[in-house]
There are 2 protein chains.
Amino acid sequence: MSSTNNKIVIIGGVAGGASAAARARRLSEDAEIVMFERGPFVSFANCGLPYHVGGEIEQRSKLILQTPQSFNNRFNVDVRVQHEVIAIHRSDKQVRVKDLATGKEFLESYDALVYSPGAAPIVPPIAGIDNPLTFTLRNIPDMDRIIEQIDSRELKQVAVIGGGFIGLEMMEAFVHRGIKTTLVEALPQVMNSVDREMAGIVHQEIRSKGVDLKLNTKLTQISHNPAQQTLTLSLNDNESLDVDLLIMAIGVRPEVGLARDAGLEIGEFGGVLVNSQMQTNDPVIYAVGDAVQTKDLITGEQTLVPLAGPANRQGRIAADNILGHEAHYQATQATAICKVFDFAVGSTGKNEKQLKQLEIDYEKVFVHAASHAGYYPGAEIVSLKVLFEKSSGKLLGAQAVAKDGVDKRIDVLAVAIRAGMTIDELEHLELSYAPPYGSAKDLVNLAGFVGTNIIKGLVAPVHFDQMDAPADNQLILDVRTPNELKNTGCIEGAINIPVDELRQRASELPKDKEILVYCQVGLRGHVAYRMLTNLGYQAKNLIGGYRSYRLAKA
Amino acid sequence: MSSTNNKIVIIGGVAGGASAAARARRLSEDAEIVMFERGPFVSFANCGLPYHVGGEIEQRSKLILQTPQSFNNRFNVDVRVQHEVIAIHRSDKQVRVKDLATGKEFLESYDALVYSPGAAPIVPPIAGIDNPLTFTLRNIPDMDRIIEQIDSRELKQVAVIGGGFIGLEMMEAFVHRGIKTTLVEALPQVMNSVDREMAGIVHQEIRSKGVDLKLNTKLTQISHNPAQQTLTLSLNDNESLDVDLLIMAIGVRPEVGLARDAGLEIGEFGGVLVNSQMQTNDPVIYAVGDAVQTKDLITGEQTLVPLAGPANRQGRIAADNILGHEAHYQATQATAICKVFDFAVGSTGKNEKQLKQLEIDYEKVFVHAASHAGYYPGAEIVSLKVLFEKSSGKLLGAQAVAKDGVDKRIDVLAVAIRAGMTIDELEHLELSYAPPYGSAKDLVNLAGFVGTNIIKGLVAPVHFDQMDAPADNQLILDVRTPNELKNTGCIEGAINIPVDELRQRASELPKDKEILVYCQVGLRGHVAYRMLTNLGYQAKNLIGGYRSYRLAKA
Ligand SMILES: Cc1cc2nc3c(=O)[nH]c(=O)nc-3n(C[C@H](O)[C@H](O)[C@H](O)COP(=O)(O)OP(=O)(O)OC[C@H]3O[C@@H](n4cnc5c(N)ncnc54)[C@H](O)[C@@H]3O)c2cc1C
Ligand SMILES: Cc1cc2nc3c(=O)[nH]c(=O)nc-3n(C[C@H](O)[C@H](O)[C@H](O)COP(=O)(O)OP(=O)(O)OC[C@H]3O[C@@H](n4cnc5c(N)ncnc54)[C@H](O)[C@@H]3O)c2cc1C
Ligand SMILES: CC(C)(COP(=O)(O)OP(=O)(O)OC[C@H]1O[C@@H](n2cnc3c(N)ncnc32)[C@H](O)[C@@H]1OP(=O)(O)O)[C@@H](O)C(=O)NCCC(=O)NCCS
Ligand SMILES: CC(C)(COP(=O)(O)OP(=O)(O)OC[C@H]1O[C@@H](n2cnc3c(N)ncnc32)[C@H](O)[C@@H]1OP(=O)(O)O)[C@@H](O)C(=O)NCCC(=O)NCCS
C-alpha cells in the first residue's frame, strides 16, 4: 500500500478488530487507522464475562484490556466507541457511520476495510420472548444488566436455555451466586462439540451440583408475570417452570447484514466468504472473526467456528495483507474447551456425529487413565476419545473430559492433528514425564497403543452401543473383581471371571461363542482379550470398558 | 518365533523389562517368559522414590505397582527377584544367574534375551566417599535406607551433590522434612537440560526456600567423624561443610558390564548399541531403557537419554520384534520435566549449549506470558524459550519454567518438534482456549509470532548477553514506566521513555545511533521497536526483555 493511500477503517473493536488495528500500527506508522465500535468498550474480554457474573473474576475492570485512550496512546488509532457503521459503500470506498450518542450520521472513507463485527446471540421467535426478564450475554452492557438483576432483586430460580459453552458458563455463574438453576437443552446432550458418551460425564457433574438439567427439552412459550416479576416457561415436555430470570444461550449467528447489503459474498453457513488472506470478494475489504467462514482443517470444506483464537489471528493476518506482508490463514480445526464446575471438557477436530454425517470411515478409541502418575497425590481420571480414519490411521478428532489435564491432552492432539499425524504416531510421542505432571506412558500414548492394536488386528473392538443386545452367539464376560461389580453394577447378562483368574478358568468359557470382554476402562479387558484369542477363543474387547458404557447413559 | 523355540529371558524387572514381559505375554500365551531382577522388587516406581522420602507420597506400598506374585497371576511370567544375571553366554544362548538369597549359581537358556538393567548412579572416586553416611537413590532399598536415617537420627544438615533432577527432588524432599539442605553443583547452573538463564528462575526458587545453593562448586574430599555421626565435606572453594548425611546425585551411567563382557557393541556414550528394533549386534539379544543409546530426533546421531517413557516404550517394541510383530523405535528427543518446589522446569529437543556445540546456526525467542487469561484467577507467568534453525525455521528445542502450565507447553512443542514443524507454524496452532485454561493467543503462538518476525526481518533481535557492553554507536532505551524501573531496577546506562509516550518523544532520540530497546518481557519493546524503525530509527529489541536479562544472572 502506498503511503498516500493508507487509510484503514475497522468495523468492530474487540478480538479481530483490535488485533488488526494493533498489528497494522506495528507495521506502519503512516497508516491512518480508524476503528468504529458500536458499543461503549473496545478490547474487552468477552470470554471473561460469565466469570464476572459468577464472581470468580472480582474486578469488572479486569475485563477491559484497553480503553479508547490507552489504545490511542499506544497505537495511535482513532478509536470511536458508540459509533455504528450502518452501511458500506463499496463503489466510493466509504462507510456510513452513526454516532450513537448524538444520532448524527457521517461518511468515512477507507482505502482498506476490516470487517470484524462478530456474531450475535440467536434469539428464536418464541412467543413471549420479548420481555424485560430475558437476557443474552455478549458484551459488558449485557453483563452489567444481568448483574444488576442479581444484585437488585432476590433471584430464587433462573433458567438457562442452551447447553453450549456460554450456557454452561452462565449456569455455573448462577450456581456460584447461590441461585437455583435449570438448564434446558433441546438435544440429548450438552456441549455438542463432544459426543454423547463424553457429555455423560458433564451431565453427572451438572446434576451433582444441584442444577436441574433438562435434556431433550425445548422452550415453547414464555409468559411474563409483571406483578411477580417472573416468567412462566412452557416446555415441550408439557411441564412449565416459573423463573425470575431467563438467559438465552442457544448459539450465535454471524453479523453479516452490512456485508450482505454491500454485496459481499456470504457462504452456506451464513458467514462472510473470504480467501486465505481474509479477503472478501472485494479485494480491499477484509473480514475476520466470528463473522466469517473459514476452511476446515479436516475436510477442506467451509466451516463456521466462532472462537477467540481464530478471530485474533485472523485480524493480524488481515493487517499483514493490507500492509503488503502476504500472510495466509491455514484452516480451523475447532479446538475448544469449557469449564463445567470441577471438570473441563475439551475437543479438537471432528466428533463422531460429524464423521457419521460426512460418511468418513472412522474408528474410535477411549482411554480412561490418570492425569499424572497415579501414586502421586492429586491424579484425576481423564477420559479421552480419539477418532481416526480406518484406512489410513489419520487422526480426525479428539475429546477429553476430566478434573485435570484436559487442556494438555487436547492441545497435544490438536498439534498432532494439525501436523497430519496418524494414530500410530501417538505411540511415539515423547511427552514430559515426572510423577506430578504425567505418566511414563501418557494417555495420548495409550490411545496410540489401543488404536494401533485395532489397526494391526491385535484387538477386535466392540463399542458401548453394541453391548445391550448381544447376538445369540455372543457372550459377555466381565473380567473385573467381584467387588467392583458389586460397587458399580455390570452389563446385563455378563458372566464374571476376574482377569487374574482367567488363565486358569478359561475352560469354563465356550469356544464356539464370541466373547465380548470388558473391564472398567478397557485395559484389563485388553489383557483378557489377548489371552483368550491366544488360547483360541473368539473375542472382542469393549473399548473404554464399563466406564464408557455407563457414561453413554448418564 | 516358532512355538517350540520361544523362551524369552529378561534381565531387569522394572520399566523396560516389565513392559517387555507384559507385552510379550499379551502377544503370546505359549512363550515361556523368565524375568530376573537383582533387587527384591519388580515394577516399582523409581520416579516416585524421592516423593516418598519427602512425604508427599505417604504410603510406601503405592510405589510398588506389581509384585512377583501379581505379575505372575496376570501375565504368567516366571519372576525371580534377588536373582542377578552375572554372565551372558551368547554362543550357547544361556545366562548365568546367581540366586542372591542362597548364593547358588545356575544357567538359564534363552531363545531371545531382553537386556534392561538400567543405569547406576555415578559415584566418583572422591577421597573418603566410602562411608556409612553417603547415599545414592535408585531403588526401594536405597530409599528405605535414607528414610531410616531421617527417622532414626536427628538430621540437622544434609548436602546433596548434583543439581540434576534426582538431586533437586532429593533436595526438596529434605526441605519438606524440615532439614537444612545444601545443594552443591559443579556447573554454573542446576538442571543442565535447560540453559543458564532459564535455570535462573530455579535458582531463585531454591534460594527462596532456604536451601544453600552452591553453584560452580565441587566436592573434593570427605572425612567421616564416626563419633559425631557427621561428614566434613571439603569443597573446591576452600570452604568446608559439616553434614549429617550426604546424597550423591551427579548422574547415572548405563549398566553395560554384562553386555560388554558378552561382546555386545557399546557406543560412544557408554550405552549398548541397538538398531531401531532394539536389537543389539546379536540379533536374539535386545537391549532397552537406560542401558542403551538411541537415535537423537534432532541430529540423527547417537544419544543417551535415561528416562522412563523411552524405557517403557522400548521394552514394548523389543517384545513386538521378538514375537514377530515388526516395530521400530523412532528417536529420542529428551523431553523432560522436574518439579522444584512450586515451579516446574521442562525441556524438549536441544538446548542452546548443545546447539552451540553442534555448530547449528540457530535463533532463539523468549516469551514470558500468563499460563491462562491474566484476568482469570490463578494465572502464573510462564517463561518459554524456543530454539529454531535460522535458515529453515525448523524447531530445534524448547524450555519452560513456571508455577503452572509448563508441562502443557513442553508437550505441545514436543509434538511440534517431532512433527518437524517450523517456527512460523507455531503461529497457526489452534490450542484450547477458555479463560481458566489458556489465552486466545497462547504462549506458543506468541513464540511463533516473535520468531517469525525475526525471520521476516520485522524485528532485529538483541539478546541479554549483548546488553552489558553496548558499542559506542548503541544506546539503551527502557520503555517501561518509571515505576517499574524503580521497583525492579534497569540495565546500566539505559534511558527511559515509556512506550506510550514514545511517539511524542521520539525526537529526543538520535537517528545515528542503534537503539537497543527493552521492556519487561519483550512485548512493549516490540511495539516500540516497530514504531522506531517505522519512524526511521535504527533499533533492536531485547528478546525476553529485562526478565530474561535478569534471570541470566540469578
Ligand atoms: C460470553 C462469551 C464467552 C466466550 N468465551 C469464549 C471462550 O472461552 N473461548 C473462545 O475461544 N471464545 C469465546 N467466546 C467467543 C469470542 O469472544 C469470539 O469468538 C471473539 O470475540 C470474536 O471476535 P470478533 O472480533 O469476531 O467479534 P467480537 O469480539 O464480538 O467483536 C465484534 C465487535 O464489533 C462490534 N460491532 C458489530 N457490528 C458493528 C457495526 N456495524 N459497527 C460498529 N461496531 C460493530 C460489536 O459491538 C462487537 O463489540 C466467548 C464469547 C462470549 C460472548
Ligand atoms: C529417583 C529416580 C527418579 C526418577 N524420576 C524420573 C522421572 O521423573 N521421569 C523419568 O522419565 N524418569 C525418571 N527416572 C528414570 C527412570 O526410572 C528410568 O529411566 C527407567 O526406570 C529406566 O528403565 P530401565 O528398565 O532401563 O531400568 P530400571 O527401571 O532401573 O530397571 C533395571 C532393573 O534391572 C535390575 N538389574 C540390573 N542389572 C541386573 C542383573 N545383572 N541381573 C538382574 N537384574 C539386574 C536392577 O536392579 C533394576 O531394578 C528416575 C529414576 C530414579 C532412580
Ligand atoms: C488487547 C489487544 C488489542 C492486543 O492486541 P495485540 O497487541 O496484537 O496483542 P498482544 O498484546 O498479545 O501482543 C502481541 C504482539 O506482541 C508481540 N509479542 C508478544 N510477546 C512478545 C515478546 N515476549 N517479545 C517480543 N514480542 C512479543 C507479538 O509478536 C505481537 O506482535 P506482532 O503482531 O507484531 O507480531 C487485543 O488482543 C484485544 O483487543 N483483545 C481483547 C479482545 C479479545 O481478544 N477477546 C476474546 C478473548 S477474551
Ligand atoms: C506395571 C507394568 C508392568 C505395566 O506394563 P504394561 O501392562 O505394559 O502397561 P499398562 O498397565 O500401562 O498397560 C498397557 C497396555 O494396556 C493397553 N491399554 C491401556 N489402556 C487401555 C484401554 N483403555 N483400553 C484398551 N487397552 C488399553 C495398552 O494398549 C497396552 O497394551 P499393549 O502393549 O498390548 O498395546 C510396567 O509399566 C512397570 O513395571 N512399570 C513400573 C516401572 C516403571 O515404569 N518405572 C518408571 C516410571 S515410575
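Heavy atoms only: backbone and side chains are in, while hydrogens, waters and symmetry mates are out. Sequence lines set the chain letters: A, B, ... in the order given, protein chains first and strands last, and positions in each chain run from 1.
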Checklist entry - Got a salt bridge between A/Glu29 and B/Arg530, using NZ or NE/NH1/NH2 to carboxylate O under 4.0 Å? => result no

Item to check | Interatomic spacing from CD in B/Glu427 to CD1 in A/Ile317 - rounded to 0.5 Å | outcome: 7.0 Å

Next on the checklist: I need the residue from A/Thr348, A/Leu63, A/Thr332 with the largest number of non-hydrogen atom pairs under 4.5 Å to chain B.
Outcome noted: A/Thr332

Item to check | Contact winner vs chain B - A/Leu502, A/Ile410, A/Leu429, heavy-atom pairs under 4.5 Å | outcome: A/Leu429

Item to check | Close side-chain approach of A/Leu307 and B/Tyr433, heavy atoms under 4.5 Å | outcome: no

Item to check | For chain B, the option from A/Ala15, A/Ala331, A/Ala334, A/Pro310 that forms the most heavy-atom pairs under 4.5 Å | outcome: A/Ala334

Item to check | Approximate separation, where rounding is to 0.5 Å, of B/Phe449 CZ and A/Arg26 CZ | outcome: 9.0 Å

Checklist entry - Rounded to the nearest 0.5 Å, what separation is found between the OG1 atom of B/Thr452 and the CG atom of A/Asp320? => result 10.0 Å

Item to check | Donor on one side chain, acceptor on other, A/Ser432 and B/Asp411, under 3.5 Å | outcome: yes

Next on the checklist: Donor-acceptor pair, distance only, cut-off 3.5 Å: does the side chain of B/Arg503 make one with the backbone of A/Arg74?
Outcome noted: yes

Next on the checklist: Tell me if a side-chain donor or acceptor on B/Asp407 pairs with a main-chain N or O of A/Gly438 at a distance below 3.5 Å.
Outcome noted: no

Item to check | Full working for salt bridge (Lys or Arg N to Asp or Glu O under 4.0 Å) between B/Arg418 and A/Glu425 | outcome: CA-CA 10 Å; B/Arg418 190 155 284 257; A/Glu425 291 183 83; over 6 Å; no

Checklist outcome for this item: Of the listed A/Arg316, A/Arg524, A/Lys456, the one with the largest count of heavy-atom pairs under 4.5 Å with chain B is A/Arg316

Next on the checklist: To the nearest 0.5 Å, what is the distance between CG on B/Asp500 and CD on A/Gln69?
Outcome noted: 10.0 Å

Checklist entry - If only atom types and distance count, is the side chain of A/Glu430 paired as donor or acceptor with the main-chain N or O of B/Gln333 below 3.5 Å? => result yes

Item to check | Euclidean distance, A/Leu458 CG relative to B/Leu27 CG, rounded to 0.5 Å | outcome: 6.0 Å

Next on the checklist: At a heavy-atom distance under 4.5 Å, which candidate from A/Pro435, A/Ser28, A/Ala344, A/Ala419 has the highest pair count against chain B?
Outcome noted: A/Pro435

Checklist entry - So do the side chains of A/Tyr437 and B/Lys408 get within less than 4.5 Å of each other, counting heavy atoms only? => result no

Checklist outcome for this item: Okay, B/Phe75 and chain A: the region with an atom under 4.5 Å from a heavy atom over there is both

Next on the checklist: Which atoms of A/His325 are under 4.5 Å from chain B, going by heavy atoms: the side chain, the backbone, both sets, or neither?
Outcome noted: side chain

Next on the checklist: A side-chain contact here means heavy atoms from C-beta on lying under 4.5 Å apart; do B/Asn76 and A/Met531 qualify?
Outcome noted: no

Next on the checklist: Can you confirm whether B/Tyr51 sits close enough to A/Pro436 that some side-chain heavy atom of one is under 4.5 Å from a side-chain heavy atom of the other?
Outcome noted: yes

Checklist outcome for this item: Most heavy-atom pairs under 4.5 Å with chain B, out of A/Gly346, A/Ala414, A/Ala22, A/Ala45, belong to A/Ala45

